[in-house]
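These notes are about the structure you will find just below.
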Amino acid sequence: MVHQERKRPSHAKENASSNPAVRLNPSDWRRELLAGTVSFFATVYIIIVNSSILADAGIPQEAGIIATVLASAIGCFIMGWWGKAPLIIAPGMGINAMFTYTLVQGMGLTWQQALAVTAISGICFIAISMTSLVEKLRTAIPASLQEAISVGIGLMLVLIGLQKGGVIVSDRSSIIAVQSFADPGVLVTLLTLALTCILYMRKVPGNLLLAIIGGTVLAYLFGAVPTNASAGGGGFSWSTYGDVFGQLTVKGLPVTTLIVAVFSLTLVIVFESVGLINAQLNMSGRQERFQRVVQANAATVFLSGILGTSPTVSTVEAAAGISSGGRTGWTSIVTGVLFLLTFIAMPVITLVPDPAVAPILIFIGGLMMPAVRNISFERLEEGLPAFFIIAFIPLMHSIVDGIAIGFISYALFHLAVGKGRQVKPLFYIISLLFVMHFVLQTI
């Protein structure tokens with residue numbers, strides 16, 4: 001992962017006590033406040049994007065917005081209090097795609113059942129985080145496969161973004177067809193994508209949020225907003241959230257489907273969280289907080305199912321706050337408070353249309369592409385499984401199946417070329433579990 005060789009900053013050493021969130025001097029407080037604010041503006045777009053993806057699962061968008069805000073705020077508070085590290089918790093981009101497009105649309109779960117799967121996966125994650133297994137998982141998964149998962153999820157986000165923005169549509173003869181650029185929605189999506197890239201490359205503060213605002217303005221100017229959406233902006237109501245909060249259930253869900261769903265989601269959550277947390281703690285010089293940070297993340301995953309949203313992770317955008325000097329849990333707490341303040345702007349948030357959100361998904365997918373350079377494709381026993389993950393996640397439209405094929409093939413190919421001893425025993429166990437995943441799907 002990135003930043004692993006970075007030397008720990010001197011001020012991080014000063015705050016590396018068992019309780020780094022106390023006894024800060026005035027300059028430390030200003031630094032943590034700034035870092036928390038920067039982290040918030042880097043991640044606030046998630047409120048809009050996540051609620052839009054949850055809406056595709058059948059969760060009302062207003063309720064999805066409230067659930068996203070609450071899960072993010074509570075997650076940041078838990079991270080600040082228990083994890084005592086400057087990481088930001090929010091529903092994960094990629095995992096929310098798995099929640100909607102794999103569990104609900106692919107496996108046929110209702111959103112209520114998918115929320116139950118999320119909560120159960122959270123319990124499994126909590127149990128794992130309380131043992132030494134979480135540390136062993138960090139080292140058992142080959143780096144090439146971890147990087148391939150990031151790239152594969154990124155490509156799936158690009159595909160979803162192109163579809164949400166109306167740029168591509170289904171076609172009988174060629175599977176996928178490009179929509180006419182004369183279509184207002186397509187035009188707004190592409191213009192907003194260009195704006196997003198330019199703002200990001202120019203390092204404009206709050207770039208993704210500004211891109212969403214710009215895309216929303218363009219959508220209304222070009223008439224790329226459904227008439228019912230443009231008419232309903234002022235009618236935000238909290239009443240819809242009552243129909244989502246605590247509505248998780250496994251009623252009517254076959255046991256085999258439940259096992260497959262929980263197993264698959266837990267694997268993805270654990271692997272993605274461990275990788276992100278490890279990289280960000282290395283970046284902030286707080287490696288000693290690893291297990292507590294994982295536990296804070298795991299607790300929030302469980303709460304996500306109750307609150308009504310897809311699983312949370314430590315967001316990639318937390319790097320913005322760390323780069324701004326965030327080193328303690330106060331960074332997370334500041335971000336959590338700012339998340340709660342977004343409730344004031346709720347009626348405005350519901351006005352954001354798909355063509356303003358879709359480019360953000362495409363752009364985030366692009367940011368995940370550099371991981372491919374860390375994969376050694378020359379050694380086929382390493383490169384082919386990584387390629388399978390990268391290709392099959394978007395093409396099969398399933399994060400779980402793509403990862404499963406990559407893991408199984410990695411173990412198989414290493415045995416076939418006589419390099420089986422280079423693979424850790426725990427990895428073989430995980431690969432066998434993925435074989436069970438496919439077997440259970442056929443029952």
Side-chain angles (χ1 to χ4, degrees), residues 41-65 68 93 96-97 100-101 154-171 174-237 317 342 344-367 394:
F41 280 107
T43 56
V44 68
Y45 75 92
I46 289 174
I47 297 173
I48 301 168
V49 177
N50 191 60
S51 61
S52 177
I53 292 177
L54 293 178
D56 288 346
I59 296 176
Q61 187 164 17
E62 291 179 351
I65 290 172
T68 301
M93 301 293 102
N96 53 7
T100 293
Y101 305 111
L155 288 176
M156 187 169 180
L157 288 177
V158 172
L159 186 64
I160 293 168
L162 290 172
Q163 185 272 330
K164 263 182 109 59
V167 179
I168 59 174
V169 292
S170 59
D171 184 82
S174 61
I175 303 177
I176 291 176
V178 179
Q179 187 72 284
S180 170
F181 284 11
D183 181 273
V186 174
L187 195 57
V188 170
T189 298
L190 296 177
L191 288 174
T192 306
L193 177 59
L195 175 64
T196 304
C197 296
I198 292 169
L199 290 175
Y200 189 87
M201 288 187 288
R202 298 283 299 178
K203 295 182 171 56
V204 176
N207 40 68
L208 298 186
L209 178 60
L210 290 176
I212 290 176
I213 294 172
T216 302
V217 172
L218 287 173
Y220 281 90
L221 288 176
F222 282 75
V225 182
T227 53
N228 59 342
S230 59
F236 178 81
S237 171
E317 292 79 11
T342 60
I344 299 171
M346 203 67 71
V348 177
I349 292 175
T350 58
L351 292 173
V352 179
D354 279 349
V357 176
I360 307 302
L361 292 175
I362 299 170
F363 179 73
I364 293 171
L367 291 183

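Counting heavy atoms from C-beta outward, Leu159 and Ile168 have side chains that approach closer than 4.5 Å. Inter-residue side-chain proximity for Leu54 and Thr68 is flagged as met; some heavy-atom pair is nearer than 4.5 Å.
Across every non-hydrogen atom of Gly166 and Gln179, the tightest pair is O-CB, 3.0 Å. The two atoms that bring Gly214 and Leu195 nearest to each other are CA-CD2, 4.1 Å, heavy atoms only. The two residues Ala358 and Gly165 come nearest to each other via the heavy atoms CB-N, 3.5 Å. Closest non-hydrogen pair, Thr196 versus Ala211, comes out as OG1-CB, 3.2 Å. The two residues Pro353 and Ala219 come nearest to each other via the heavy atoms CG-CB, 3.5 Å. Shown here for Phe363 and Cys197, the closest heavy-atom pair between the two residues is CD1-SG, 3.9 Å.
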Check against side chain to side chain donor-acceptor pair (under 3.5 Å), Thr100 and Asp56: CA-CA 7 Å; Thr100 293; Asp56 288 346; over 6 Å; no
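In this structure, the separation between CD1 on Ile360 and OH on Tyr200 is 12.0 Å, given to the nearest 0.5 Å. A distance of 8.5 Å separates CD1 of Ile46 from CG of Asn96, quoted to the nearest 0.5 Å. Separating the OG1 atom in Thr192 from the CG atom in Leu187 is a distance of 9.0 Å, to the nearest 0.5 Å. For the atom pair CG (Leu162) and CG (Leu157), the distance works out to 11.0 Å, reported to the nearest 0.5 Å. Taken to the nearest 0.5 Å, the CD atom of Gln163 stands 8.5 Å off from the CG atom of Asp354. Rounded to the nearest 0.5 Å, atoms CD1 (Ile212) and OH (Tyr45) are 8.5 Å apart.
A side chain to side chain contact (heavy atoms under 4.5 Å, CB included) with Val186 is found for exactly one of Leu190, Val188, Thr189, namely Leu190.
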